[in-house]
Each structure stands twice: as structure tokens, then as C-alpha cells.
Amino acid sequence: MPELPEVEVTRRRIAPVLLGRRIARVNTTRPSYFFLTPPGKLRSALVGTTSTEIVRHGKYLVARLDSGAGLLLHLGMTGQLFTSDVHSPRLLRKTARAALAPGEQRGFQPDAHTHLMLEFDDGGPSLYFRDVRKFGKVRLLNEKLADPRLDRLGTDALAIEPAELYERTRDRKVPIKSVLLDQAVLAGVGNIYADEALYLAGVRPARAARRVTREECAALVRAVKRVLGRAIEAGGSSISDFVGPDGSDGHYQDERWVYSRTGERCRRCATPIRRLVIGQRSAHFCPQCQK
DNA sequence: ACCGCACCCTGAGCGC
DNA sequence: TGCGCTCAGGGTGCGG
């Protein structure tokens, strides 16, 4: 699910629930590669601590603990971070969802996909990390908050300058879209917003990166920032799994220009949107508006 | 250094 | 209703 806007929305909404509250109990599911730090070690390190800060690096979240350690979180494709008092049908499987009368669900009961559960000593809402596909990650960090995944990240997508994108694409023969998705170049852009930004910049996703001009790189950087900023304002995209920490849906999907609109008409020129596969991922574009 | 590919996992949607 | 198939917004590690 989550790209930079969804992670940032999550960070902002999770902060008031997490910061300044002492963790009283930690429950987890069985060890799996979801847990880069084994569950037992995670439990003992977290109980009794309080988070003082939570920051975002690309699609990663890092919480600083008062013990000095840190907690690294990545939502993968289907990760959901939310509080126990949500009431969102999106958190149920479709079959279970269909059986509910509107407004019937109250709160959330942890299920087999809820891998990390934090309870606090004030008796208030708990924090849950649920992830059906387990592509998400949890890891305890040392006092320097060091992690090879974070070290590999390029400039945050909201902070990159046109000159850097231009320079970083000069020796790249791969499609420009693959560079936008490369977290070592710019951190935070995923499949949806890469397609949206390429549309706004008028650049076809399959174009070799080094054939993108300086002016187009500048337009792309503007488009990336604009689309990410707009998606954050809209609360993210809730295309399949994303749900805000309070259970609300994002609305950016209602504003999509091209993503997952194959065969539908371009909002500007009415040409049917086309789909390609680039780097084993679907890419969507308008053949008229993008060159 | 760069590039393509397999792989981690589960569920939804589709055609039959 | 059920089966088999394809697809899904991410990231890593491998071999060429």
C-alpha cells in the first residue's frame, strides 16, 4: 500500500497516540521475517519505554525511545498502523465486511495478521501493526538509530532538487519510471505517485532516464512534490488496504490522473489511458499527453 | 555499476 | 459454489 504520503499521514496521526505514553505490554505473532528483531527481544526492549519522537525517512518510520534505542517500522505493501478504537470496515476481510450492517463494527479485535500490539500503562487506546502479506518490517535500532536500509536511502522525495535528479539519471539506461521508484535515488515514491508525477510532467514512463532533459527533470521534481503534497492533504490513497490510524480512508484515489485507469479516458484530452509493464510493475500513461 | 529476475506472503477478482 | 489463474501500491539478493 503505502508510499510517502500514506506513511506521512500515518506518522502525523500516530504521533499523539504514541508519544509520551509508557508501553505496559507488548504482544506479537510468531517469529517470521516480518520481525527483523525477534519478537521476544522486541518485547523486552519495548516494555517500560516511552517514545519521544517519530520521524519519517522515505517510506520508513523511526520512533526514538527514552531508553535511547529506536524502533524502525516499514509498512510494506499491506501494512496498517492504527489504534484499537478505530471502527473501519476496511480492516476486515471482505467476506466478514459484507456480513456487517452499516456502522455495526466498533473497535478492532486483533486477528492473525496483527503482528505487533502495544498496550500503554494509562489504559488508553492500544497501537496495532497489522500486515496481511508480511512484507512490512519491524526492527529495534541501536542508540545511533543506524540501519543499512536507512543508509541506502537517497534524498527524501519532498526535498530533492532538480539538479540532483538530472545528475543521477545521466548514466541510467533504465526507464525513467524505474529511477523514480529507486529508493536509493529519491526516497518515498512508489508505483502510484510515480505514474501520477510522470503524467503531470508530460514524460512517458518507458523513456530511458538519460534521455530525459534537464527541463523535464525539473518538471518531474515539481510534479513529484506537487502530487505527494496533494496526496498528503487528501489523507493518502485508499485503493486497497490503506487506512489511516483513526480508521479513516484517504481520498487521493478519487483524483488519480492515470494510475489504474487503463482504458478510461484521459481527464485532459480524452485519449484512453494505456498500461505497460516496466520493471515487473504496471505503468499507466496517456499516450497523447506524455512524450 | 548497472540491470533483470526470482522471491517473500495472502487475499481479491475473474473466467469457467 | 468452487477451482485455478492473475494481479497487487515494496524491498532484497542473486547472477550475468
Side-chain angles (χ1 to χ4, degrees), chain A residues 1-10 29-36 57-61 72-81 89-98 111-115 130-139 147-154 157 167-198 205-206 208-210 224 227-228 231-232 234-243 249-250 252-253 255-256 258-262 275-284:
Chain A
M1 77 179 234
E3 307 180 33
L4 187 152
E6 292 74 33
V7 177
E8 178 60 20
V9 167
T10 296
T29 51
R30 306 292 303 167
S32 69
Y33 72 91
F34 176 88
F35 292 103
L36 295 172
H57 300 289
K59 302 174 194 173
Y60 289 89
L61 291 176
L72 178 75
L73 304 168
H74 192 285
L75 299 176
M77 295 260 280
T78 53
Q80 302 166 317
L81 204 48
R90 197 176 283 278
L91 289 170
L92 294 178
R93 276 193 300 182
K94 192 141 196 174
T95 46
R97 195 185 304 163
D111 61 3
H113 302 304
T114 311
H115 302 297
R130 182 171 184 263
D131 185 2
V132 169
R133 288 174 76 183
K134 288 193 279 194
F135 288 178
K137 294 282 178 286
V138 179
R139 187 187 177 213
D147 182 275
R149 293 162 184 76
L150 298 177
D151 294 342
R152 275 195 288 271
L153 294 179
E167 285 154 23
R168 294 277 248 141
T169 49
R170 289 314 86 192
D171 57 350
R172 303 293 299 269
K173 297 180 189 175
V174 291
I176 181 64
K177 177 168 177 187
S178 298
V179 177
L180 294 181
L181 292 176
D182 186 346
Q183 303 300 298
V185 176
L186 76 172
V189 175
N191 213 26
I192 297 176
Y193 301 114
D195 281 0
E196 297 292 289
L198 284 160
R210 62 182 183 180
V224 163
V227 73
L228 295 179
I232 291 171
S237 297
S238 293
I239 288 178
S240 68
D241 295 296
F242 179 68
V243 56
D249 285 356
Y252 183 81
Q253 69 276 10
E255 304 178 19
R256 284 168 301 143
V258 290
Y259 181 78
S260 197
R261 294 190 68 237
T262 310
R275 176 182 179 274
L276 287 175
V277 174
I278 295 174
Q280 292 88 238
R281 289 222 155 79
S282 59
H284 313 78

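The chains referred to below are lettered A, B, ... by the order of the sequence lines, with proteins before strands, and numbering in each begins at 1.
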Query raised in the report: Is any side-chain N or O of A:His113 closer than 4.0 Å to OP1 or OP2 of B:dC9?
Result: no
Query raised in the report: For the side chain of A:Lys134, counting heavy atoms from C-beta on, which of B:dT10, C:dG9, B:dC8 is nearest?
Result: B:dT10
Report task. State, yes or no, whether a side-chain contact exists between A:Arg30 and A:Ser32 at a heavy-atom distance under 4.5 Å. Result -> no
Report task. Mind checking salt bridge (charged side-chain N to carboxylate O under 4.0 Å, His left out) for A:Arg133 and listing every partner two or more places apart, or none if nothing turns up? Result -> none
Query - Approximate separation, where rounding is to 0.5 Å, of A:Arg261 CZ and A:Arg275 CZ - result: 15.5 Å
Report task. Rounded to whole angstrom, note down the C1' distance from B:dC3 over to C:dG9. Result -> 23 Å
Query raised in the report: Is the distance from OP1 or OP2 of B:dC2 to the nearest side-chain N or O of A:Arg170 less than 4.0 Å?
Result: no
Query - Distance below 4.0 Å between A:Tyr259 side-chain N/O and C:dG9 OP1 or OP2 - result: yes
Report summary line: By side chain to side chain contact (heavy atoms under 4.5 Å, CB included), A:Ala206 pairs with (sequence neighbours left out) A:Leu276, A:Ile278
Query raised in the report: Of the non-hydrogen atoms in A:Asp131 and A:Gly79, which two are nearest, and what is the gap between them?
Result: OD1-N, 3.6 Å
Query - Partner residues of A:Leu73 under the side chain to side chain contact (heavy atoms under 4.5 Å, CB included) criterion, sequence neighbours left out - result: A:Leu61, A:Leu71, A:Leu81, A:Phe129, A:Val138
Query raised in the report: Between A:Leu36 (CG) and B:dC8 (P), how many Å, whole number?
Result: 17 Å
Requested in this report: Starting from P on C:dG10, measure out to CG on A:Leu180 and report it in whole angstrom.
Outcome: 12 Å
Report summary line: Contacts of A:Ala157 meeting side chain to side chain contact (heavy atoms under 4.5 Å, CB included) (sequence neighbours excluded), chain-then-number -> A:Leu4, A:Leu186, A:Val189, A:Val224, A:Leu228
Requested in this report: Would you kindly give the CG-to-C1' distance between A:Leu73 and C:dG11, to the nearest whole Å?
Outcome: 16 Å
Query raised in the report: In whole Å, what is the span from the CZ atom of A:Arg30 to the P atom of B:dT10?
Result: 15 Å
Report summary line: Rounded to whole Å, the CG-P distance (A:Asp131 to C:dG9) equals 15 Å
Report task. Using the P atoms only, state how far B:dC5 lies from C:dC7, rounded to an integer number of Å. Result -> 15 Å
Query - By side chain to side chain contact (heavy atoms under 4.5 Å, CB included) - contacts of A:Asp147 (at least two apart) - result: A:Leu72, A:Arg139, A:Leu141, A:Arg149, A:Leu150
Between the protein and nucleotides 14-16 of chain C, list the N/O to N/O atom pairs that are separated by less than 3.5 angstrom.
none

Query raised in the report: If only side-chain N and O atoms of A:His74 are considered, is one of them under 4.0 Å from the OP1 or OP2 phosphate oxygen of C:dG10?
Result: no
Query raised in the report: What is the distance, rounded to the nearest whole Å, between atom CG of A:Leu75 and atom C1' of C:dA8?
Result: 16 Å
Query raised in the report: Does the pair A:Asp182/A:Arg172 count as a salt bridge with the N-to-O cut at 4.0 Å?
Result: yes
Query - Secondary-structure notation, DNA chain C, from Watson-Crick and G-U pairs under 3.5 angstrom (| other strand) - result: .|||||||.|||||||
Report summary line: Contacts of A:His74 meeting ring-ring contact (aromatic ring centres under 6.0 Å, His included) (sequence neighbours excluded), chain-then-number -> A:Tyr60
Query - Atom pair distance, as rounded to whole Å: CD in A:Gln80 and P in C:dG9 - result: 16 Å
Query raised in the report: Taking N and O atoms by type only, does the side chain of A:Arg281 place a donor or acceptor under 3.5 Å from a partner on the base of C:dA8?
Result: no
**Report entry** side-chain N/O A:Ser282 vs C:dA8 OP1/OP2, d < 4.0 Å
**Finding:** yes
Query - For atom NZ of A:Lys59 and atom C1' of C:dG9, their distance in whole Å - result: 8 Å
Query raised in the report: Can you name the ring-ring contact (aromatic ring centres under 6.0 Å, His included) partners of A:Phe135, sequence neighbours left out?
Result: none
Pull out every protein N or O sitting under 3.5 Å from an N or O of nucleotides 3-7 of chain B, one pair per line with the distance.
| unit_1 | atom_1 | unit_2 | atom_2 | d |
| --- | --- | --- | --- | --- |
| B:dC3 | OP1 | A:Lys173 | N | 2.8 |
| B:dC3 | OP1 | A:Val174 | N | 3.2 |
| B:dC3 | OP2 | A:Arg172 | NE | 2.8 |
| B:dC3 | OP2 | A:Arg172 | NH2 | 3.4 |
| B:dC5 | OP2 | A:Gln280 | OE1 | 3.2 |

Query raised in the report: Hey, are the side chains of A:His284 and A:Thr262 touching, using non-hydrogen atoms and a 4.5 Å cut-off?
Result: yes
Query raised in the report: Less than 4.5 Å apart, any side-chain heavy atom of A:Arg130 and any of A:Asp111?
Result: yes
Query - Counterpart residues, salt bridge (charged side-chain N to carboxylate O under 4.0 Å, His left out), relative to A:Lys177 (two or more places apart) - result: A:Asp195
Report task. Under 4.0 Å from any atom of DNA chain C, heavy atoms only: list the residues of residues 181-190 of chain A that qualify, in numerical order. Result -> A:Gln183, A:Gly190
Report task. Give a yes/no verdict on base stacking between B:dC8 and A:Phe135: centres under 5.5 Å, planes within less than 30° of parallel. Result -> yes
Query raised in the report: Taking atom types as modelled and ignoring hydrogens, do the side chains of A:Glu6 and A:Tyr252 form a donor-acceptor contact shorter than 3.5 angstrom?
Result: no
